[in-house]
Amino acid sequence: MITLQEKAACAARALKERRFVYPRLVREERMAKEVAERETAIMEAIVEDYRRQMERSEVRDPAQGGLPL
């Protein structure tokens with residue numbers, strides 16, 4: 001099983017990579033600026049979704065001292 005934390009970390013790495021690689025691809029005209037911006041925005045949303053899910057799961061997990069909702 002792949003944990004929520006592992007998925008979140010993987011998405012964060014993918015976002016970091018896009019932020020590093022996509023500007024070069026745009027400069028080299030190998031990717032349209034609009035596509036790069038959209039793909040980066042999508043991954044930002046995924047990272048944010050995972051962050052919120054982890055926050056909710058921490059609150060809900062009685063084993064972690066949180067209260068079930």
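Just so it is clear, the values below take in all heavy atoms, side chains as well, and ignore hydrogens, waters and symmetry mates. Everything quoted here is computed from the prediction, not taken from an experiment. Numbers here simply count residues along the sequence, with the first being 1.
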With R19, which residues qualify under side chain to side chain donor-acceptor pair (under 3.5 Å), at least two apart?
E44
Determine whether more than 12 heavy atoms belonging to other residues, nucleotides or ligands lie under 6.0 Å from atom CD of E28.
yes
Shared hydrophobic cluster for I46 and M54 (ILVMFWY, side-chain gaps under 4.5 Å)
yes
Counting only heavy atoms not in E17, do more than 12 sit closer than 6.0 Å to its CD atom?
no
Would M43 end up clustered with V35 when hydrophobic side chains under 4.5 Å apart are linked, directly or stepwise?
no
By side-chain contact (heavy atoms from CB on, under 4.5 Å) - contacts of A36 (at least two apart):
Y22, V26, M31
Is the closest basic N to carboxylate O distance between E55 and R52 below 4.0 Å?
no
Quick check on the hydrophobic clustering: are I2 and L15 connected, directly or via other members, by side-chain heavy-atom contacts under 4.5 Å?
no
With salt bridge (Lys or Arg N to Asp or Glu O under 4.0 Å) as the rule and sequence neighbours excluded, what pairs involving residues 31-40 come up?
R18-E39, K33-E37
